[in-house]
Amino acid sequence: MEIIQIFQLSALEAYVTLVLVAYGAVAIAMAVDFVTGVTRAAREGIATRSRGYKMTCDKAVKYFLPMFVLTCVDLIGAVVLPLPAFTMLMGAFNIFCEWRSVMESTRDKQEIREAASTFSVIVKNKDEIAGMLAGLLEKMSETERKGAEDEAGR
C-alpha cells in the first residue's frame, strides 16, 4: 500500500513540476521580449510609454488565462493522461509567439515607420502631386501631338 502512495505522490510531483515549468518558461519568454523591446526603443531613441508597459500586462492576461483554463482541463483529464499536455502545448505556442516577437527585425519596424511617414506626406500634398501629374501628362500629349504633326508634315 505504501508503494502505491509513493508512486502517486511522485506522479503528482512530476505533474505539478511540468505545469510550473510551462508557466515559468512563458514568463521568462515574456520577460526576454519585454527587455529586448525596451532596449530597441532606447537604441532607436523612441520614448517608452506606460501604454507599452500596459500592453505587456494585457499580453500576460491573454497568455495565462487560457493556460489556466487548459490546466483545469488537464487536471480533469489526468485520469486518462498523466501529463498536462494541453498546458504544455499552450505554453509552447505562447513561447513561439514571444520568440517571433523578439526576432522581428528593427529594420522592418523602421521601414514601416518610414513608409507611414512617406504616405502621410503624400496624402498632405495630394493636390500638388495631382497638379504635377496633370502637367506632366499634358506635356506628354503635346509632345506626341507635335511629333505626329511633324510626321504628317514630312
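Within the structure, the salt bridge (Lys or Arg N to Asp or Glu O under 4.0 Å) test picks out no pair touching residues 80-95 (sequence neighbours left out). Applying the ring pair (Phe, Tyr, Trp, His ring centres under 6.0 Å) definition to pairs two or more places apart or across chains, those involving residues 18-40 are Tyr23-Phe64, Phe34-Tyr53. Sorted by first and then second residue, the salt bridge (Lys or Arg N to Asp or Glu O under 4.0 Å) pairs with a member in residues 79-103 read Lys59-Glu98; sequence neighbours excluded. Identified under the salt bridge (Lys or Arg N to Asp or Glu O under 4.0 Å) test for residues 60-72, with sequence neighbours left out: none.
Taking each heavy atom of Ile95 and Ala25 in turn, the nearest pair found is CD1-CB, 3.5 Å.
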Identify every side-chain donor-acceptor pair in residues 73-90 under 3.5 Å, counting partners at least two apart or on other chains, and give the distances.
from: Asp74; atom 1: OD1; to: Phe86; atom 2: N; distance (Å): 3.1
from: Asp74; atom 1: OD2; to: Phe86; atom 2: N; distance (Å): 3.3
from: Asp74; atom 1: OD2; to: Thr87; atom 2: N; distance (Å): 2.7
from: Asp74; atom 1: OD2; to: Thr87; atom 2: OG1; distance (Å): 2.7
from: Thr87; atom 1: OG1; to: Thr71; atom 2: N; distance (Å): 3.3
from: Thr87; atom 1: OG1; to: Thr71; atom 2: OG1; distance (Å): 2.9

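Under a hydrophobic clustering in which Ile, Leu, Val, Met, Phe, Trp and Tyr are joined whenever their side-chain heavy atoms come within less than 4.5 Å, directly or via other members, Phe96 and Val32 fall into the same cluster.
With sequence neighbours left out, the side chain to side chain contact (heavy atoms under 4.5 Å, CB included) criterion links Thr17 to Val21. Scored by the ring pair (Phe, Tyr, Trp, His ring centres under 6.0 Å) test, Tyr15 finds no partners at all (sequence neighbours excluded). With sequence neighbours left out, the ring pair (Phe, Tyr, Trp, His ring centres under 6.0 Å) criterion links Tyr63 to no other residue. Applying the side chain to side chain contact (heavy atoms under 4.5 Å, CB included) test to Ala92 and every residue at least two apart in sequence or in another chain returns nothing. The side chain to side chain contact (heavy atoms under 4.5 Å, CB included) check on Ala42 picks up nothing, with sequence neighbours excluded.
Note that CE of Met30 is 11.5 Å distant from SG of Cys97, once rounded to the nearest 0.5 Å.
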